Enquirer: 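Below is the structure I would like to discuss, written out as structure tokens.
Only a predicted model underlies this, so the values are computations on that prediction, with no experimental measurement involved.
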Amino acid sequence: MAFRRLAPLLVLLLSSCLAAGPAPATAQSTGDTVVFWGRNNDQQEGSLKEACDTGLYTTVVISFLSAFGHGSYKLDLSGHSVSAVGPDIKHCQSKGILILLAIGGQGGEYSLPSSQAAVDLEDYLWNAFLGGGRQGVSRPFGDAIVDGIDFFIDQGATEHYDELARRLYVHNKDYFVMFGVMLTATSWCGYPDQRLQAALATGLFSRIHVKLFGDGRCASRREELEKWAAAYPQSRILVGIVASPEADRDAYLSHKDLYYDVLQFINKLPNYGGIMVWNRYWDKKTGWTAGNEP
């Protein structure tokens with residue numbers, strides 16, 4: 001897997017906010033900057049390679065594998081050329097940037113109706129996107145291998161995602177395998193997220209991206225994030241924000257508000273992990289991660 005790099009956004013954010021006010025007594029943690037890519041076409045958000053070449057992100061999440069569980073699979077990249085993604089994945093990984101594939105999303109074409117559906121999805125993910133390869137299973141990104149899978153389960157039933165997580169994690173059992181599987185999850189702000197609860201209870205997830213948007217149960221951002229951090233001490237908790245008020249006006253946070261309302265408290269937690277940005281299109285349009293405000 002690619003190695004972690006220092007997240008430039010967080011260095012900039014903490015530096016600028018601290019310069020504007022008294023320095024806190026305790027040291028600040030920076031963490032990672034994760035962005036979701038694939039929600040708008042190439043002309044609007046640019047290629048995966050372009051996103052990585054900005055130097056703004058430590059992880060890019062390709063979104064989404066939007067249909068599964070019923071015998072067919074659909075990769076929805078909003079019109080991006082799938083054939084170009086494989087070389088871009090390799091390019092990004094050569095720069096030390098992790099590339100994940102998100103499953104699920106905001107549509108309703110997915111679920112795991114049975115244990116067999118979890119078995120089938122794990123087999124497909126391993127052979128189509130991860131370190132496997134089996135005759136008869138097409139690899140949309142060619143021989144490029146993503147670093148892991150993000151569970152972005154916004155719709156449908158809750159069952160069998162824990163089984164999927166365990167089956168994917170089995171590939172990490174041998175320390176000497178060339179390609180392992182990182183598991184992350186993108187949750188609603190309000191704790192707990194019932195669609196992910198059983199999967200997260202496995203303790204196998206490296207990161208949880210907690211979305212501070214799109215959720216009516218997020219009145220107290222700090223309080224909800226502290227609940228997530230306390231419930232999953234083995235996972236790194238990332239603060240999920242929108243990069244533009246056009247994406248969610250009620251949930252949008254300026255850099256200053258993000259720091260004083262959330263980060264100055266949350267980044268002192270032992271399992272604070274950084275920032276998750278939704279999404280590359282809005283971030284490119286506003287320059288939020290680069291330090292600009294809309």
Side-chain angles (χ1 to χ4, degrees), residues 1-12 30-66 75-103 105 124-133 137-150 152 168 171-172 177-184 186 206-207 209 238 243 273-291:
M1 290 187 181
F3 55 84
R4 282 186 59 202
R5 303 179 306 125
L6 191 64
L9 163 67
L10 297 170
V11 174
L12 172 66
T30 53
D32 286 288
T33 302
V34 177
V35 70
F36 276 76
W37 174 91
R39 293 298 78 224
N40 294 84
N41 64 38
D42 193 65
Q43 289 185 329
Q44 292 177 310
E45 73 176 350
S47 67
L48 178 60
K49 179 179 183 295
E50 179 187 318
C52 293
D53 284 345
T54 63
L56 296 172
Y57 315 114
T58 59
T59 301
V60 181
V61 185
I62 298 171
S63 53
F64 291 105
L65 182 73
S66 62
L75 183 66
D76 176 11
L77 301 184
S78 305
H80 283 279
S81 171
V82 175
S83 63
V85 176
D88 286 3
I89 290 173
K90 294 181 180 180
H91 172 79
C92 295
Q93 291 169 333
S94 75
K95 299 171 74 72
I97 298 170
L98 289 167
I99 303 296
L100 307 178
L101 173 67
I103 63 170
Y124 177 72
L125 291 170
W126 177 248
N127 289 296
F129 300 102
L130 294 161
V137 179
S138 173
R139 293 188 64 90
F141 305 148
D143 62 355
I145 297 172
V146 299
D147 294 293
I149 302 297
D150 181 70
F152 195 115
L168 286 167
H171 297 291
N172 296 321
V177 296
M178 184 174 295
F179 301 107
V181 181
M182 171 184 275
L183 297 181
T184 67
T186 299
S206 301
R207 303 175 183 173
H209 314 127
L238 281 77
I275 299 290
M276 181 276 278
V277 179
W278 182 267
N279 54 39
R280 172 59 186 158
Y281 165 71
W282 294 115
D283 200 31
K284 181 180 179 181
K285 186 175 182 179
T286 63
W288 193 94
T289 303

Enquirer: Please report the shortest heavy-atom distance between Gly86 and Ala144, naming the atom on each side.
Expert: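 Nearest heavy atoms, Gly86 then Ala144: O-CB, 3.5 Å.
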Enquirer: Does any N or O in the side chain of Asn279 come within less than 3.5 Å of the main-chain N or O of Trp282, such that one atom is a donor and the other an acceptor?
Expert: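 Such a contact is found between Asn279 side chain and Trp282 backbone.
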Enquirer: Is a side-chain N or O of Ser78 found less than 3.5 angstrom from the main chain of Gly38, in a donor-acceptor match?
Expert: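 Yes.
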Enquirer: About how many Å separate CZ of Phe64 and CG of Leu75, when rounded to the nearest 0.5 Å?
Expert: 11.5 Å
Enquirer: Which is it for Phe36 and Thr186 under the side chain to side chain contact (heavy atoms under 4.5 Å, CB included) test, yes or no, and what are the steps along the way?
Expert: CA-CA 11 Å; Phe36 276 76; Thr186 299; 3.4 Å; yes
Enquirer: To the nearest 0.5 Å, what is the distance between CG (Leu238) and CE (Met276)?
Expert: 8.5 Å
Enquirer: Look up atom CZ in Arg39 and atom CG in Leu77, then write down how far apart they are to the nearest 0.5 Å.
Expert: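 The distance works out to 7.0 Å.
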Enquirer: From the options Asp32, Asp283, Val34, select the one residue that forms a side-chain contact (heavy atoms from CB on, under 4.5 Å) with Tyr57.
Expert: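 One option only clears the test, and that one is Asp283.
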Enquirer: Taking atom CD1 of Ile89 and atom CZ of Phe141, what is their separation to the nearest 0.5 Å?
Expert: 5.0 Å
Enquirer: Please name the pair of heavy atoms, one in Leu98 and one in Met182, separated by the smallest distance, quoted to 0.1 Å.
Expert: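 So the minimum-distance heavy-atom pair works out to CD1-CE, 3.9 Å.
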Enquirer: Assess whether salt bridge (Lys or Arg N to Asp or Glu O under 4.0 Å) is satisfied between Arg207 and Asp150, documenting all intermediate values.
Expert: CA-CA 9 Å; Arg207 303 175 183 173; Asp150 181 70; over 6 Å; no
Enquirer: Can you confirm whether Leu100 sits close enough to Asp147 that some side-chain heavy atom of one is under 4.5 Å from a side-chain heavy atom of the other?
Expert: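 Yes; the side chains approach each other to less than 4.5 Å.
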Enquirer: Nearest 0.5 Å, please: how far is CG in Asp53 from NZ in Lys95?
Expert: 4.5 Å
Enquirer: Taking all atoms of both residues into account, what is the closest heavy-atom pair of Val82 and Pro140, and its distance?
Expert: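 It is CG1-O, 3.4 Å.
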Enquirer: Kindly say whether Ser47 contributes a backbone atom to a donor-acceptor pair with the side chain of Asp42 at under 3.5 angstrom?
Expert: yes
Enquirer: For Gln43 and Lys284, which heavy atoms make the closest approach, and how far apart are they?
Expert: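 Shortest heavy-atom contact: O-NZ, 4.4 Å.
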Enquirer: Given side chain to side chain contact (heavy atoms under 4.5 Å, CB included), test Ile62 with Val85 step by step and report yes or no.
Expert: CA-CA 9 Å; Ile62 298 171; Val85 176; 3.9 Å; yes
Enquirer: Taking atom NE2 of His91 and atom CD1 of Ile97, what is their separation to the nearest 0.5 Å?
Expert: 7.5 Å
Enquirer: Are any side-chain N or O atoms of His209 and backbone N or O atoms of Ile275, one a donor and one an acceptor, separated by less than 3.5 Å?
Expert: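 No; zero donor-acceptor contacts below 3.5 Å.
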Enquirer: Are side-chain heavy atoms of Tyr281 and Gln44 found at a separation under 4.5 Å?
Expert: yes
Enquirer: Please check if the side chain of Asn172 supplies one atom and the backbone of Val181 the other of a donor-acceptor pair under 3.5 Å.
Expert: yes
Enquirer: Name the residue from Leu65, Leu130, Val61, Thr184 that meets the side-chain contact (heavy atoms from CB on, under 4.5 Å) definition with Ile149.
Expert: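 So the option named by the test is Leu130.
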Enquirer: Give the minimum heavy-atom separation between Ala243 and Trp288, together with the two atoms involved.
Expert: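 Of all heavy-atom pairs spanning Ala243 and Trp288, the closest is O-CB, 3.6 Å.
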Enquirer: I'd like to check Val35 versus Leu56 (side-chain heavy atoms, cut-off strictly below 4.5 Å). Are they in contact?
Expert: no
Enquirer: State, yes or no, whether a side-chain contact exists between Asp88 and Cys52 at a heavy-atom distance under 4.5 Å.
Expert: no
Enquirer: Do NZ/NE/NH1/NH2 and the carboxylate oxygens of Asp143 and Arg139 come within less than 4.0 Å?
Expert: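 Salt bridge flag = no for Arg139 with Asp143.
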